[in-house]
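In what follows, a structure is listed as structure tokens, so that the remarks can point back to it.
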Amino acid sequence: MTNILVIESVERAFRSHFQRPVDRIVADTATFTAHARPSLMQQLDTWFSSEAIEGRLDVVLFYFSPVQRLKEWKAGFTHRVFGRVNEHATVSADGKHVVYYLDTDSTMSFSSFADLADEEVENLVSNINASVSGLEKMGFDRIALSVIPNKATVLMPEYGAYNRLIERVYGHPELRVPCIDVLQDYRRSPERMYLRGDSHWTCEGQYIWLEKVNRFINLPDQEDLN
């Protein structure tokens with residue numbers, strides 16, 4: 001039996017994920033039992049927090065096609081007439097797409113346009129390598145790294161000075177793990193890779209990534225999947 005692991009992260013979360021080596025994984029299986037449970041007060045706080053309740057009500061009451069269409073019309077009207085959008089969204093220059101504000105807010109490390117020093121890239125790569133070494137000791141025979149590009153990286157590269165996070169990590173000479181890279185694939189057909197109304201990928205975008213994952217699993221002699 002060969003144990004295979006794909007380390008996958010969306011670009012906006014990658015820097016926080018690898019501030020330090022990954023030294024703990026949680027098995028997602030039917031036999032896994034969590035021994036640590038949140039306290040009763042923590043659970044009550046989660047159940048009754050206003051943000052959580054509002055989110056649940058929003059899903060229950062408004063997330064079906066007719067209401068979604070009305071919400072889209074309202075949002076379009078507000079944008080065209082008043083020039084306003086939701087505080088958690090950024091509209092592309094051509095007005096055809098919205099992206100998550102974390103992708104574009106360059107004051108935050110989540111953004112595709114936040115400053116990224118060479119020293120931090122080296123630290124990220126070092127932590128990835130340390131993670132891989134630890135995972136190999138756990139019994140994983142083959143490990144790959146995959147960073148899913150932010151929507152702004154693909155559709156709005158002119159928004160600011162792109163920090164080239166994915167390319168700099170993948171191309172670092174010290175990185176000792178193969179990469180499942182979809183950035184260039186997405187850039188060839190940017191309009192088709194992400195949903196118009198949010199930052200999630202389309203079925204076509206998912207399929208491109210999944211096909212490369214399957215190639216990694218089935219072709220053990222192949223290195224980087226570009």
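Just so we're clear, the structure is a prediction, and the values are computed from it rather than from any experiment.
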Open item on the list: Using side-chain heavy atoms (C-beta onward) and a distance below 4.5 Å, is Asp105 in contact with Phe110?
Closed with: no

TODO: Look up atom OG in Ser133 and atom CD1 in Ile128, then write down how far apart they are to the nearest 0.5 Å.
DONE: 12.0 Å

- [ ] Spell out, as yes or no, whether a donor-acceptor pair under 3.5 Å connects the side chain of Lys151 to the backbone of Leu195.
- [x] yes

Task: Min side-chain heavy-atom separation Met108-Arg15 under 4.5 Å - done: no

Open item on the list: Between Ile7 and Leu135, is there a side-chain heavy-atom distance shorter than 4.5 Å?
Closed with: yes

- [ ] Check the angle between the aromatic planes of Phe113 and Tyr159 and answer parallel, tilted or perpendicular using the 30° and 60° thresholds.
- [x] tilted

Open item on the list: So does Asn127 get a backbone contact from the side chain of Ser131, meaning a donor-acceptor N/O pair under 3.5 Å?
Closed with: yes

TODO: Please confirm whether the backbone N or O of Val147 pairs with a side-chain atom of Tyr170, one donor and one acceptor, at under 3.5 Å?
DONE: yes

Task: Close side-chain approach of Trp209 to Asp185, heavy-atom, < 4.5 Å - done: no

Open item on the list: To the closest 0.5 Å, what do you measure between OG (Ser109) and CD (Gln19)?
Closed with: 7.0 Å

Open item on the list: Quick check: do Arg192 and Thr202 have side-chain heavy atoms less than 4.5 Å from each other?
Closed with: no

Open item on the list: Just so I know, are the side chains of Phe14 and Asn150 near enough to count as touching, which here means a heavy-atom distance under 4.5 Å?
Closed with: no

Open item on the list: With rounding to the nearest 0.5 angstrom, report the CG to CG distance, Leu5 to Leu145.
Closed with: 10.5 Å

TODO: Kindly say whether Leu116 contributes a backbone atom to a donor-acceptor pair with the side chain of Arg168 at under 3.5 angstrom?
DONE: yes

Task: Common cluster, Tyr194/Tyr207, ILVMFWY with side-chain heavy-atom separation under 4.5 Å - done: no

TODO: Please check if the side chain of Asp141 supplies one atom and the backbone of Asn3 the other of a donor-acceptor pair under 3.5 Å.
DONE: yes

TODO: Please check if the side chain of Asn163 supplies one atom and the backbone of Ser112 the other of a donor-acceptor pair under 3.5 Å.
DONE: yes

TODO: Please answer: with hydrophobic residues joined when any side-chain heavy atoms are less than 4.5 Å apart, are Val182 and Ile217 in the same cluster?
DONE: yes

